Asks: 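Sharing a structure below in structure tokens format, with a few things to ask.
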Amino acid sequence: MAAGERLPLAWFQRPTPVVARALIGCVLVHGDRAGRIVETEAYLGPEDRASHARFGPTARNRVMFGPGGVTYVYLCYGIHQMFNIVSDRDGQAGAVLVRAIAPVAGLPDDPPADPAVGRGPGKVTRALGLGPAQHGRTLDTDALHVRAGRPGAAIVTTARIGVDYAGPWARRRLRFALAGHPAVSRPR
DNA sequence: GTTCCGATGCTT
DNA sequence: AGCATCGGAACG
């Protein structure tokens with residue numbers, strides 16, 4: 001898949017950790033705003049004690065159990081919108097949280113882009129204008145889609161952030177980030 | 001540098 | 001009650 005091409009829905013319908021890693025370097029486009037994805041986390045099915053899918057399908061997480069390529073947006077801590085991309089095949093729950101983006105276009109301060117604008121999942125949605133209206137939509141429209149990045153970038157994997165309650169699952173290396181990128185949030 | 005905490009509202 | 005957060009204040 002050449003850099004810049006729009007990813008087809010089938011691209012997302014692969015195992016969640018594969019999708020989470022492959023999304024690093026890709027560009028998320030929402031209307032006239034866009035950001036290069038530099039940090040993601042994979043959330044798996046009911047077996048993953050850190051995943052919203054751990055309680056089975058509910059009103060909130062229902063789309064996680066459907067086919068990949070659909071958005072999953074929810075409110076966290078009463079304040080922040082979280083933007084996820086559903087992954088894996090229909091019936092196999094999974095989603096990828098977009099935790100950080102590097103500004104590409106249309107962000108609040110254009111060229112001398114401040115990396116902090118897209119650092120952290122709550123900042124991602126603020127920067128791109130993503131919210132409840134974008135929940136449950138397929139990522140195959142002009143208004144909302146993902147474009148392929150260049151393969152071969154150096155990617156680091158770590159434990160996921162903020163899921164210490166999840167026992168052994170908290171230690172799984174399901175967070176992916178562009179090595180050393182200034183927009184990547186927090187630790188190593 | 002660290003740790004703590006309030007804001008704020010939906011989910012289980 | 002418990003969060004897949006953030007920014008600011010307080011403290012070493």
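In what follows, every chain begins at residue 1, and chains take the letters A, B, ... in the order their sequences are listed. Fair warning: this is a prediction, and the values are worked out from it, not measured in the lab.
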Asks: Can you tell me how far P of C:dC3 sits from CG of A:D164, to the nearest Å?
Replies: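 The distance from CG of A:D164 to P of C:dC3 comes to 10 Å, rounded to the nearest Å.
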Asks: Indicate yes or no for a side-chain donor-acceptor contact from A:T125 to the backbone of A:F83 under 3.5 Å, with no hydrogens or angles considered.
Replies: no
Asks: With a 4.0 Å heavy-atom cut-off, tell me which residues in residues 11-26 of chain A come close to DNA chain B, sorted by residue number.
Replies: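 Within this stretch, nothing sits under 4.0 Å of the strand.
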Asks: Sorted by first residue and then second, give each salt bridge (charged side-chain N to carboxylate O under 4.0 Å, His left out) pair with at least one member in residues 50-69 of chain A; sequence neighbours left out.
Replies: none
Asks: Please report the shortest heavy-atom distance between A:W169 and A:L44, naming the atom on each side.
Replies: CZ3-CD1, 3.9 Å
Asks: Taking atom CD of A:E41 and atom CZ of A:F176, what is their separation to the nearest 0.5 Å?
Replies: 9.5 Å
Asks: Give the B/S/- string for nucleotides 7-12 of chain B, one per nucleotide from 5' to 3', where a protein heavy atom under 4.0 Å of the base yields B, of only the sugar-phosphate yields S, and otherwise -.
Replies: BBBSSS
Asks: Nearest 0.5 angstrom please: A:N61 CG to A:F55 CZ, how far?
Replies: 9.5 Å
Asks: In whole angstroms, how far is the C1' atom of C:dT5 from the CG atom of A:N84?
Replies: 14 Å
Asks: Counting distance only, does the side-chain N/O of A:H30 pair as donor-acceptor with the main-chain N or O of A:L128 below 3.5 Å?
Replies: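 Checking the backbone N and O of A:L128 against the side chain of A:H30, a donor-acceptor pair under 3.5 Å is found.
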Asks: Nearest-Å distance, OH (A:Y165) to C1' (C:dC3)?
Replies: 7 Å
Asks: What pair of heavy atoms forms the shortest contact from A:G56 to A:F65, and how long is it?
Replies: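 The pair with the smallest heavy-atom distance is C-CZ, 3.5 Å.
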Asks: I'd like to know if the side chain of A:T71 and the backbone of A:G136 have a donor-acceptor N/O pair within less than 3.5 Å.
Replies: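 Present.
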Asks: Looking only at the side chain of A:L97 (C-beta and beyond, no hydrogens), which of the listed nucleotides C:dC6, C:dT5, C:dA4 gets closest?
Replies: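 Per side-chain heavy atoms of A:L97, the pick is C:dA4.
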Asks: At what distance, to the nearest 0.5 angstrom, does NE2 of A:H52 lie from OG1 of A:T58?
Replies: 9.0 Å
Asks: Keeping to residues at least two apart or across chains, list the salt bridge (charged side-chain N to carboxylate O under 4.0 Å, His left out) pairs with something in residues 133-160 of chain A.
Replies: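 Sorted result for residues 133-160 of chain A: A:R6-A:D142, A:D48-A:R160.
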Asks: Output the distance between atom CZ (A:R33) and atom CD1 (A:I101), rounded to the nearest 0.5 Å.
Replies: 10.0 Å
Asks: Could you state the interatomic distance from CZ (A:R126) to CD1 (A:I79), rounded to the nearest 0.5 Å?
Replies: 9.5 Å
Asks: Extract from the structure each pairing of a protein N or O with an N or O of nucleotides 2-5 of chain B at less than 3.5 Å, listing the distance.
Replies:
none

Asks: Of all the base pairs, Watson-Crick or G-U under 3.5 Å, which form stems of three or more consecutive pairs involving DNA chain C?
Replies: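 DNA chain C stems, ordered by first number: B:1-7 with C:5-11, B:9-11 with C:1-3.
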Asks: Without swapping roles, check the side chain of A:Q13 against the backbone of A:R89 for a donor-acceptor pair under 3.5 Å.
Replies: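 Flag not set: sc A:Q13 to bb A:R89 has no pair under 3.5 Å.
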Asks: Check the distance between C:dT5's C1' and A:E39's CD and give it to me in whole angstrom.
Replies: 13 Å
Asks: Between atom CD in A:Q81 and atom P in C:dC6, what is the gap in whole Å?
Replies: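 Atom-to-atom, A:Q81 to C:dC6, this comes out as 13 Å.
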